[in-house]
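Okay, so here's the structure we're looking at.
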Amino acid sequence: MNELFPIYVKLDQIQTLLVGAGAVGLEKLEAMIKNSPKAKIKVVAEHSIPAFDDFIKKHSHIEFIKRTFKSKDIYGIDLIILASNNDFLNQQIRRLASEQHILLNVADTPALCDFYLGSVVQKGNLKIGISTNGKSPTIAKRLKELLNEVLPEELDDTLELMQELRNSLKGDFQHKVKVLNEHTKELLSHSGYDRAD
Ligand SMILES: C[C@@]1(CC(=O)O)c2cc3[nH]c(cc4nc(cc5[nH]c(cc(n2)[C@H]1CCC(=O)O)[C@@](C)(CC(=O)O)[C@@H]5CCC(=O)O)C(CC(=O)O)=C4CCC(=O)O)c(CCC(=O)O)c3CC(=O)O
Ligand SMILES: NC(=O)C1=CN([C@@H]2O[C@H](COP(=O)(O)OP(=O)(O)OC[C@H]3O[C@@H](n4cnc5c(N)ncnc54)[C@H](O)[C@@H]3O)[C@@H](O)[C@H]2O)C=CC1
């Protein structure tokens, strides 16, 4: 059974802690900043790979504390992403996060996660998160590549136009839904975009 509930988080409005600055930590940091350039992120790690240091140099608003993790690092934290190679540390942070009601992702360790990261397809304002319920991240990655290829770039123009239409509509909620449904009935069919070419 698939019981995951997807949400889209405003990382610039909350405080995230990333623990670990190896290849996996860098991957998670890049994913966060790519989606949310103004994300508020604090990183704690004993060691870092050179590529991680390079990334930090280019993003000066990210706080990087190079030392062993301390319990106090979770004060003021809303979300934790853990990319360490240390099982003992993972268990310790899992306990702290549960006590403090902070949501936690432990890279590649589903049993310790409150939430999973997904593959992300982005066309301007459109963002599609893909999860396979932890069954195959590789399939999630491949589906992302496929959708990136097949979704037309014009989709973002359409979203902008739809927002204008939506803002211009007067009347009650039911009326708006009816008009918006009417306007979009054929839009996303293949022929809809073909005709625009
Ligand atoms: C449960 C989850 C928890 C989490 O980490 O959040 C998890 C778990 C595990 N991943 C493992 C391995 C790999 N993960 C990737 C890639 C990604 N993994 C991601 C998410 C998730 N991975 C969550 C479920 C997502 C879902 O529901 O589908 C993506 C989507 C997002 C991201 O991580 O940012 C990102 C693709 C991003 C992109 O490019 O679009 C690759 C491929 C690659 O890197 O090219 C491999 C190697 C190949 C393979 O094994 O498939 C292993 C085995 C580790 C081992 O064997 O030691 C486990 C543990 C287990 O399955 O038990
Ligand atoms: N590199 C890869 O492609 C893959 C890695 N993994 C797993 O992901 C995890 C991380 O992998 P890498 O980034 O390659 O590891 P890494 O060894 O390069 O990085 C681990 C990071 O954790 C930090 N760390 C460990 N203990 C700490 C402590 N007590 N306080 C503060 N920081 C601490 C280290 O300083 C380092 O920055 C590992 O568990 C690994 O087994 C799983 C699949 C693939």
Side-chain angles (χ1 to χ4, degrees), residues 1-11 14-37 39 41-57 59 62-98 100 102-123 126-151:
M1 191 164 164
N2 186 346
E3 300 190 331
L4 297 171
F5 180 67
I7 60 172
Y8 290 82
V9 181
K10 297 183 176 178
L11 285 187
I14 64 170
Q15 182 65 57
T16 300
L17 171 69
L18 170 68
V19 181
V24 175
L26 178 58
E27 201 180 278
K28 307 300 166 195
L29 186 62
E30 283 175 336
M32 285 190 278
I33 294 295
K34 187 174 172 203
N35 280 284
S36 186
I41 303 170
K42 175 166 99 175
V43 184
V44 176
E46 286 171 343
H47 308 288
S48 51
I49 57 171
F52 195 97
D53 295 331
D54 289 346
F55 191 85
I56 291 284
K57 270 185 214 140
H59 299 84
I62 300 170
E63 188 187 355
F64 183 19
I65 306 168
K66 210 167 187 174
R67 59 152 167 74
T68 302
F69 171 84
K70 296 180 186 170
S71 305
K72 68 166 191 183
D73 290 331
I74 65 159
Y75 293 163
I77 296 296
D78 302 298
L79 193 81
I80 305 177
I81 296 192
L82 195 40
S84 92
N85 53 349
N86 179 335
D87 282 341
F88 178 78
L89 178 73
N90 290 354
Q91 295 290 348
Q92 182 200 357
I93 295 183
R94 173 66 275 175
R95 266 195 309 278
L96 288 170
S98 298
Q100 299 299 322
I102 303 168
L103 294 180
L104 173 68
N105 172 273
V106 184
D108 299 346
T109 314
L112 295 183
C113 289
D114 292 314
F115 63 95
Y116 297 160
L117 301 180
S119 273
V120 179
V121 181
Q122 185 165 1
K123 292 271 153 146
L126 179 75
K127 191 171 276 187
I128 306 174
I130 305 173
S131 157
T132 64
N133 202 18
K135 295 292 180 205
S136 172
T138 299
I139 289 288
K141 185 180 73 177
R142 291 293 177 219
L143 273 172
K144 169 193 78 180
E145 290 165 0
L146 179 77
L147 288 174
N148 261 330
E149 250 170 58
V150 300
L151 287 172

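Counting starts at 1 for both ligands and their atoms, following the listed order. All values reported here derive from a predicted model rather than from experimental measurement. In this chain, numbering begins with 1 at the start of the sequence shown. These values consider heavy atoms only, across backbone and side chains, with no hydrogens, waters or symmetry-generated copies.
Given atom 3 (C) of ligand 1, the protein heavy atom at minimum distance is Tyr116 CD2, 3.8 Å. For atom 61 (O) of ligand 1, the nearest protein heavy atom (residue, atom name, distance) is Gly134 O, 4.1 Å. Regarding atom 16 (C) of ligand 1, its nearest protein heavy-atom neighbour is Pro137 CB, 3.8 Å. Of the protein's non-hydrogen atoms, Asn86 ND2, 3.4 Å is the one closest to atom 26 (N) of ligand 2. Of the protein's non-hydrogen atoms, the one nearest atom 32 (N) of ligand 2 is Glu46 N, 3.2 Å. Scanning the protein heavy atoms around atom 18 (O) of ligand 2, the nearest turns out to be Gly22 CA, 3.4 Å. In terms of protein heavy-atom proximity, atom 15 (O) of ligand 2 is nearest to Asn85 CB, 4.2 Å. Among protein heavy atoms, the minimum distance from atom 23 (C) of ligand 2 is reached at Gly20 CA, 4.0 Å. In this structure, the protein non-hydrogen atom closest to atom 30 (N) of ligand 2 is Phe69 N, 2.9 Å. Asp108 N, 3.0 Å is the protein heavy atom nearest to atom 5 (O) of ligand 1. The shortest contact between atom 6 (N) of ligand 2 and any protein heavy atom is with Asp108 OD2, 3.6 Å. Here the heavy atom of the protein found nearest to atom 36 (C) of ligand 2 is His47 O, 3.6 Å.
Between Val106 and ligand 1, a contact under 3.5 Å exists for no N or O pair. When only interatomic distances are considered, the shortest N/O to N/O separation between Val120 and ligand 1 does not fall below 3.5 Å. For Lys141, a nitrogen or oxygen atom sits less than 3.5 Å from a nitrogen or oxygen atom of ligand 1, counting backbone and side chain alike. The N/O atoms of Thr109, backbone and side chain alike, include none that comes under 3.5 Å of an N/O atom in ligand 1. The distance criterion of under 3.5 Å between nitrogen or oxygen atoms is met by Ala21 with respect to ligand 2.
In this structure a side-chain-to-backbone donor-acceptor pair under 3.5 Å is missing from Thr109 to Leu112. Judged by distance alone, the side chain of Asn105 and the main-chain N or O of Phe115 form a donor-acceptor pair under 3.5 Å. Judged by distance alone, with hydrogens and angles left aside, the side-chain atoms of Ser98 form a donor-acceptor pair with the main-chain N or O of Arg94 at under 3.5 Å. Using a distance-only test at 3.5 Å, with no hydrogens or angles considered, a donor-acceptor pair links the side chain of Lys42 to the main chain of Asp73. The closest donor-acceptor contact from the side chain of Asp78 to the backbone of Gln15 lies under 3.5 Å. Panel note: side chain Lys123, backbone Leu151; a donor-acceptor pair is recorded below 3.5 Å. Using modelled atom types, one side-chain atom of Asp114 and one backbone atom of Leu104 make a donor-acceptor pair closer than 3.5 Å.
Those atoms of ligand 2 with a heavy atom of Arg67 less than 4.0 angstrom away are 31 (C). For ligand 1, the atoms closer than 4.0 angstrom to any heavy atom of Thr132 are 26 (C), 27 (O), 28 (O). Of all the atoms in ligand 1, the ones that sit under 4.0 Å from a non-hydrogen atom of Asn105 are 4 (C), 6 (O). Annotation for ligand 1: atoms under 4.0 Å from non-hydrogen atoms of Asn133 are 27 (O). Numbered from 1 in the order shown, with element, the atoms of ligand 1 that lie under 4.0 Å from a heavy atom of Lys144 read 38 (C), 39 (O), 40 (O). Ligand 1 places these atoms under 4.0 Å from at least one heavy atom of Lys28: 32 (C), 33 (O), 34 (O). Distances below 4.0 Å separate heavy atoms of Gly118 from the following atoms of ligand 1: 30 (C), 31 (C). Here is the list of ligand 1 atoms found below 4.0 Å of a heavy atom in Thr138: 42 (C), 48 (C), 49 (C), 51 (O). For ligand 1, the atoms sitting less than 4.0 Å from at least one non-hydrogen atom of Ser119 are 30 (C), 36 (C), 37 (C), 38 (C), 40 (O), numbered in the order shown with element in parentheses.
Less than 4.0 angstrom separates atom 21 (C) of ligand 2 from at least one non-hydrogen atom of the protein. Proximity of atom 8 (C) of ligand 1 to the protein is indicated by at least one non-hydrogen atom lying closer than 4.0 angstrom.
For the ligand labelled ligand 2, residue Glu27 lies outside the 4.0 Å heavy-atom shell. Contact annotation: Pro110 has at least one heavy atom less than 4.0 Å from an atom of ligand 1.
Side-chain atoms of Thr138 and Arg142 include no donor-acceptor pair closer than 3.5 Å. For the residue pair Asn35 and Lys127, a side-chain donor N or O sits within less than 3.5 Å of a side-chain acceptor on the partner.
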### Task
Check the pair Phe69 / Ser84 against side-chain contact (heavy atoms from CB on, under 4.5 Å), numbers first and verdict last.
CA-CA 10 Å; Phe69 171 84; Ser84 92; over 6 Å; no
### Query
When you look at Leu29 and Ile56, which way does the side-chain contact (heavy atoms from CB on, under 4.5 Å) test go after all the steps?
CA-CA 9 Å; Leu29 186 62; Ile56 291 284; 4.1 Å; yes
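With Ile93, Leu89, Ile65 as candidates, the residue nearest to atom 28 (C) of ligand 2 on a non-hydrogen basis is Leu89. Comparing Val121, Ile139, Leu117 against atom 23 (C) of ligand 1, the shortest heavy-atom distance belongs to Leu117. The nearest non-hydrogen atom to atom 9 (C) of ligand 2, considering only Ala107, Ala83, Ser84, comes from Ser84.
Put simply, the side chain of Met32 reaches to within 4.5 Å of the side chain of Ile81, judged on heavy atoms. Taking 4.5 Å as the limit, some side-chain heavy atom of Arg67 sits within range of a side-chain heavy atom of Val44.
Contacts of Val24 with ligand 2, taken as heavy-atom pairs under 4.0 Å, involve both backbone and side chain.
Other residues, nucleotides and ligands contribute more than 12 heavy atoms inside 6.0 Å of the OH atom of Tyr8.
When each of Leu17, Ile33, Leu11 is paired with Ile41, the side chain to side chain contact (heavy atoms under 4.5 Å, CB included) condition holds for Ile33 and for no other.
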